[in-house]
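These notes are about the structure you will find just below.
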Protein chains: 2
Amino acid sequence: MMEKQEGYNAAVFADRIPKSLQENAVDCVILGYDEGELKVLLLKWKYEDIWSLPGGYIKITEDLDAAAYRVLQERTGLTSIFLEQFKTFGAALRQTKKYPVDYAKISRILDKIPLKNKECNLKWITKRFLTTGYFALVNLEAANPTPGFLSERCEWVSINAVPQLLMDHNVILKTALEYLKKQLNYLPIGKSLLPEKFTMQDLQKLYEVIIDQPLVRSNFQRKILKLGILDRQEKLMTGASNKAPYLYSFNTEKYDEVVKKGIGFSF
Amino acid sequence: MMEKQEGYNAAVFADRIPKSLQENAVDCVILGYDEGELKVLLLKWKYEDIWSLPGGYIKITEDLDAAAYRVLQERTGLTSIFLEQFKTFGAALRQTKKYPVDYAKISRILDKIPLKNKECNLKWITKRFLTTGYFALVNLEAANPTPGFLSERCEWVSINAVPQLLMDHNVILKTALEYLKKQLNYLPIGKSLLPEKFTMQDLQKLYEVIIDQPLVRSNFQRKILKLGILDRQEKLMTGASNKAPYLYSFNTEKYDEVVKKGIGFSF
DNA sequence: TAATATTGTATCAATATAATATAATACTAG
DNA sequence: CTAGTATTATATTATATTGATACAATATTA
């Protein structure tokens, strides 16, 4: 089962694995919205050029959802946020043929980070495991990106500039974005992506970034307003030489109601 | 962690567990449609009054999806069917407080079925694990329900007459049905649930059973026909004293196209 | 041949949608 | 102060969709 790679014997890892942890993981696609761009929170590993989605093992006494919340909280400081499971990934070759793990790199990293830390279960290096993908939409301004013990940086990266990620993380990210695109047509979004108050243009741009195509302004406004999830606030004086737009905020009560009912077509 | 229950020490199971299998499982909600009822395929266990969804462990060299297909194939003989992952379940208390496992019953069963069979991994008795829920829509007529080595019966049960199931299987079933209900509004269904040729009434009844509410006949017909996924065939002479309905069949090409595009509302 | 049940399609008002137009700003330049 | 400019909020219009109902066309039975 194990094979040598670049002179490194992966089986060495097997000894380092604490037995106390579950063999399953979660990976979080944490999306924020900033300067008209959709951004995803990524980790840059220590010492080597490895990037990955924030993830973690599920503790044996922990709910699956709780593990995802924990990862989100550890990497952003945020709690009680929109977080949704979207798919579990379990291709047999997650760590091998299809998405090769560079054992040499991992080896060099581990040589520098002794694994006395019980929180680190590196079974994924040597054995296929499942990971459940979650995605979160968060207020980028409120988040406080924090690297873990294997990573040296935790950064917002534009979804148009995502580097090659560890294992199948690029696929996980892509799947999350497609899922979000679909969700748009039967769920309101934006409550946690936008600041408290925002203009109609802000909201439209968010939608356009997600579905990756332009929308007709007047029709977008009409459709959104008809959902009844927005409260109109005062006008925003930008200093620009044009009519000042209204500010809006989400009406939490109605927003949640629409989330429950769903929008759009139904038989 | 382990506790005695009805005088039986669950830890005894731990020794019986082969190490060769992954600790994750799939459970399949296999739905069929018969006599105007939606039915789910359930297993009745040997010797004791235990019912469950068909499920199985994921082999260490097996794709997650492949494991679900295998379960479906083993229990129905069917292959290449609509089968979709809908959610992974991982509540910490899956096997304990919230959904107690009756160790006494399991014990009695295992006393009669010696576990020399390597295919049986009963770790789920002693330890929390994740299970990924899949649902399949199959042609009930074409399926050949077949029990496994732990079960004595494999039967179609009306979703209105489902007994108490093992662990959280009732929740898994409920979640699958809710998921299907939602899917209805942006995917065509019926291709694998109905026979080759069917009447408009057949299709409407199927929809009504799934969403659990009546639909207006003329409007349903108009909406469905507009999707362009049906080919009209000859008339069906039933011998009933009324106008004979047309038979329809799904146009596979257009059907798949619509599955890809989705139907209904979009921004 | 009339009665009956069910089907296929038409009708029509109400509503929704896409594309475009118009009026109302908030500021700038002169 | 006024005209110009960019942008916003909303109106308009033609077209399409929806929900509710109506009605003609069968296939059989009485």
Side-chain angles (χ1 to χ4, degrees), chain A residues 36 184-188 190 194-195 197-208 211 213-251 258 261-267, chain B residues 35-36 184-188 190 194-195 197-208 211-251 258 261-267:
Chain A
L184 225 57
N185 289 328
Y186 64 102
L187 281 184
L194 293 172
K197 293 175 183 182
F198 50 88
T199 66
M200 194 56 77
Q201 198 188 39
D202 293 335
L203 188 59
Q204 184 180 335
K205 271 189 184 161
L206 172 59
Y207 271 73
E208 288 177 333
I211 64 176
Q213 56 177 313
L215 296 169
V216 176
R217 192 177 53 83
S218 58
N219 295 341
F220 176 81
Q221 176 138 341
R222 177 170 40 83
K223 282 189 183 185
I224 284 285
L225 285 178
K226 192 157 51 78
L227 291 181
I229 58 176
L230 296 181
D231 288 335
R232 181 184 276 186
Q233 310 287 332
E234 73 278 15
K235 287 204 162 203
L236 172 70
M237 300 300 181
T238 57
S241 64
N242 54 37
K243 187 173 176 179
Y246 283 104
L247 288 172
Y248 293 90
S249 65
F250 287 107
N251 180 318
V258 173
K261 269 200 331 187
I263 55 182
F265 182 89
S266 69
F267 271 100
Chain B
E35 295 176 17
L184 225 56
N185 290 326
Y186 64 101
L187 282 184
L194 293 172
K197 293 175 183 181
F198 50 88
T199 66
M200 194 56 77
Q201 198 188 40
D202 293 335
L203 188 59
Q204 184 179 337
K205 272 190 184 162
L206 172 60
Y207 271 72
E208 288 177 331
I211 64 176
D212 198 25
Q213 57 177 311
L215 296 168
V216 176
R217 189 178 54 86
S218 59
N219 295 339
F220 176 81
Q221 176 140 339
R222 187 182 49 197
K223 282 189 182 184
I224 284 286
L225 286 177
K226 190 157 53 76
L227 292 180
I229 58 176
L230 296 182
D231 288 336
R232 181 183 275 186
Q233 310 287 334
E234 73 278 15
K235 287 204 163 205
L236 171 69
M237 299 301 180
T238 57
S241 65
N242 54 36
K243 189 174 177 179
Y246 283 106
L247 287 172
Y248 292 91
S249 65
F250 288 107
N251 180 316
V258 173
K261 270 200 334 189
I263 55 181
F265 182 89
S266 69
F267 271 99

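Chain letters run A, B, ... following the sequence lines, proteins first and then strands; every chain starts at 1.
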* Asked: So A:L230 and A:F250, side chain to side chain contact (heavy atoms under 4.5 Å, CB included) or not? Walk me through it.
  -> CA-CA 5 Å; A:L230 296 181; A:F250 287 107; 3.5 Å; yes

Atom NZ of A:K205 and atom C1' of D:dT7 are separated, to the nearest Å, by 12 Å

From CG of A:N242 across to P of D:dT7 the rounded distance in Å is 6 Å

When rounded to the nearest 0.5 Å, the distance separating CG of A:L225 from CZ of A:F220 is 9.0 Å

Rounded to whole Å, CD of B:Q221 lies from P of D:dT18 at a distance of 15 Å

Bend of the helix from C:dT1-D:dA30 to C:dG30-D:dC1 from end-axis comparison, five pairs per end, nearest 10°, comes to 20°

Which of D:dG19, C:dA5, C:dT7 is nearest the side chain of B:N219? It is D:dG19

Rounded to whole Å, CD of B:Q201 lies from P of C:dT6 at a distance of 8 Å

Within 6.0 angstrom of A:E234 CD, more than 12 heavy atoms from elsewhere: yes

Residues in residues 222-238 of chain B with a heavy atom under 4.0 Å of DNA chain D, by number, are B:R222, B:K223, B:K226, B:K235, B:M237

(Q) Is there, by distance only and without an angle test, a donor paired with an acceptor across the side chain of A:R217 and the base of D:dA9 below 3.5 Å? (A) yes

Whole-Å distance, B:K243 NZ to C:dT6 P, equals 14 Å

One should read off an interatomic distance between B:R232 CZ and B:N251 CG, to the nearest 0.5 angstrom, of 14.5 Å

For this session: For B:K205, look at atom NZ and say whether over 12 heavy atoms of other residues, nucleotides or ligands are found less than 6.0 Å away.
Result: no

For the base of D:dT7, is there a side-chain donor-acceptor partner from A:S241 under 3.5 Å away? no

So CG of A:L215 and CZ of A:R217: to nearest 0.5 Å the spacing works out to 12.5 Å

Closest of C:dG8, D:dA22, C:dA19 to the B:S218 side chain is D:dA22

Interatomic distance, CD1@A:I224 vs CD1@A:I263, rounded to 0.5 Å, equals 7.0 Å

Rounded to whole Å, the CZ-C1' distance (B:F198 to C:dT7) equals 16 Å

CD (A:Q233) and OH (A:Y246) are apart, to the nearest 0.5 Å, by 12.0 Å

Taken to the nearest whole Å, CG/B:L247 to C1'/C:dT7 is 13 Å

Worksheet item: For the side chain of A:Q204 and the backbone of A:Q221, is there at least one donor-acceptor N/O pair under 3.5 Å apart?
Response: no

